[in-house]
Asker: 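I'd like to ask some things about the structure below.
Within every chain, numbering begins at 1; the chains are lettered A, B, ... in the order of the sequence lines, protein sequences first and strands thereafter. Owing to the predicted nature of the structure, the values given are computational and were not obtained by experimental measurement.
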There are 2 protein chains.
Amino acid sequence: MDQKVDTRSRILNIAEAAVLEKGFEATSIEEIVAGAEISRGGFFYHFKDKNALARAMLERYIDAENTLYDDLFARARELNDDPLHCMLIGLKLLAEMLEEMPTGHPGCVIASTAYQDRLFDEGVRDLNRQAILGWRKRFRGMFEEIAQVYEPREAVNMDALGDMVSGVVEGGLVLQRALREHNNASEQIMLFRTYLKLLFADKK
Amino acid sequence: MDQKVDTRSRILNIAEAAVLEKGFEATSIEEIVAGAEISRGGFFYHFKDKNALARAMLERYIDAENTLYDDLFARARELNDDPLHCMLIGLKLLAEMLEEMPTGHPGCVIASTAYQDRLFDEGVRDLNRQAILGWRKRFRGMFEEIAQVYEPREAVNMDALGDMVSGVVEGGLVLQRALREHNNASEQIMLFRTYLKLLFADKK
DNA sequence: TCCCGACTGTACTGCGAGTCCAGTTGACCC
DNA sequence: GGGTCAACTGGACTCGCAGTACAGTCGGGA
């Protein structure tokens, strides 16, 4: 089956697994080509350098994450029409998804990139930035919808609240990686969920 | 004045600034010795390799962070004896501190290390782990004190809540780095503070 | 048949980490 | 004043990895 996968995707698959496991710099082109069973020349045919590889990986990762959020909250919307409950269900689904991954979530490429950004060019950094801004917009929109139905008990900056979803996930993944525990990220999401329940308790 | 600073500390200072700016791998020993005005031989006299440097940096960083938390919450306790208000004041001080740093907080070595951990040996990884567990214990203790006076409106896992302080800071710093904005971390802390206000609203 | 895209394979440069070691310099010790 | 030691300097070396260059191969479509 895997022979069917084109070489470029095969490189990306191998590279992503290796990078998430041990970081970008620690992953050598040598081992990527070994894993993908191609020659060094073949690698450089597809990617002009490691930076191009990083960019392609990031693009793919962000697309996958966006699709995931789309699906998750679409499913949540099916289950409940109320914007608050939709959000609460979506977060629960997200937490469950993170928990189900037996080895823990592979870790977020965003943070990994952010902390090694001098390795990458402006394009990669901007990709990263745009992804987070996209998530800010997405969640801010959902929170504003909620705020139209529920009176927030405390005034909060909606942009910051939108960022908090990404921040809690990223922070949770950092803890998980550093602690070598398995469910910190999902626990953090569940705590954030409790926050939202407290914040939006009263219908207008 | 700087001549007074011993070589080892000078190396650590230069290295810390460089690593926080561009990541560990992107920082060459060449530039560290240039900055510290020593020879390559001199560097290896103090640190047997880059791993030893990482370990020393991490140790120093964690000590500094712990001292910071000690001072911050001691000061907060002076200002208010109630455990909840002490926590709220402490978080506010922390947020202000982060905001006052003109170029933004240098970024947390913890996350940086977590995402490049194959570069480091078990000792470094364990140092990282112990630091986070220490903060978990610290904040968990404070939250339990609060919970003795205030009835939590929702049941929460105290360990996870303790972790949330670290997670929110780490996550905020990731966002800040990736977005190239300046106050995400402090905004995230302030949002977390609001969470605590909502959670512990009712005195027993 | 020929062309082309997708490679293979090899040989090369350059950089940075890490090793080895011989030699210097200043401080303190007897 | 001689000896010792810690704290270096400086240079020569190896090794692994990124990246370059380029000649050659191979299978499929026009």
Asker: Under 4.0 Å: is that the gap between some side-chain N or O of A:Thr7 and OP1 or OP2 of C:dA6?
Answerer: no

Asker: Using a cut-off of less than 4.0 Å, is there contact between a side-chain N or O of A:Tyr45 and OP1 or OP2 of C:dA6?
Answerer: yes

Asker: Charged N to carboxylate O under 4.0 angstrom, B:Arg77 versus B:Glu145?
Answerer: yes

Asker: Could you state the atom-to-atom distance from CZ of B:Arg8 to P of D:dC8 in whole Å?
Answerer: 12 Å

Asker: For the side chain of A:Ser39, starting at C-beta, report the closest nucleotide among C:dG9, D:dC17, D:dA7.
Answerer: C:dG9

Asker: Starting at atom CD of B:Glu37, determine the distance to atom C1' of D:dA7, rounded to an integer number of angstrom.
Answerer: 17 Å

Asker: Of the listed nucleotides (C:dG18, D:dG10, C:dC7), which one gets closest to any side-chain atom of B:Ile29?
Answerer: C:dG18

Asker: Atom CG of B:Leu119 to atom P of D:dG16: distance rounded to whole Å?
Answerer: 17 Å

Asker: Roughly how many Å is it from CD in A:Glu30 to P in D:dC15, rounded to a whole number?
Answerer: 16 Å

Asker: Send over the distance from B:Asp6 CG to D:dA7 P, rounded to a whole Å.
Answerer: 10 Å

Asker: I'd like to know whether A:Glu187 forms a salt bridge (Lys or Arg N to Asp or Glu O under 4.0 Å) with B:Arg136, so could you lay out the CA-CA distance, the side-chain angles of the two residues, the decisive distance to 0.1 Å, and finally the verdict.
Answerer: CA-CA 14 Å; A:Glu187 269 177 355; B:Arg136 171 187 290 176; over 6 Å; no

Asker: Check the distance between D:dA18's P and A:Phe47's CZ and give it to me in whole angstrom.
Answerer: 15 Å

Asker: D:dA18 P sits how many Å from A:Leu53 CG, rounded?
Answerer: 11 Å

Asker: What's the closest nucleotide to the side chain of B:Lys50 if the choices are C:dA6, C:dT8, C:dG18?
Answerer: C:dG18

Asker: I need the minimum non-hydrogen distance between B:Ile38 and B:Thr7, along with the two atoms involved.
Answerer: CG2-CG2, 3.7 Å

Asker: In Å, rounded to the nearest 0.5 Å, how long is the span from OG of A:Ser9 to CZ of A:Arg60?
Answerer: 6.5 Å

Asker: Check this for me: does any side-chain nitrogen of one of B:Glu31 and B:Lys22 sit under 4.0 Å from a carboxylate oxygen of the other?
Answerer: yes

Asker: When you compare the protein's N or O atoms with those of nucleotides 19-28 of chain C, which come within less than 3.5 Å of each other, and at what distance?
Answerer:
none

Asker: Is the closest basic N to carboxylate O distance between A:Asp70 and A:Arg138 below 4.0 Å?
Answerer: yes

Asker: Nearest whole Å is fine: how far is C:dG5 C1' from A:His46 NE2?
Answerer: 10 Å

Asker: Step by step, work out the salt bridge (Lys or Arg N to Asp or Glu O under 4.0 Å) result for B:Glu96 and B:Arg75.
Answerer: CA-CA 14 Å; B:Glu96 277 170 4; B:Arg75 175 89 186 104; over 6 Å; no

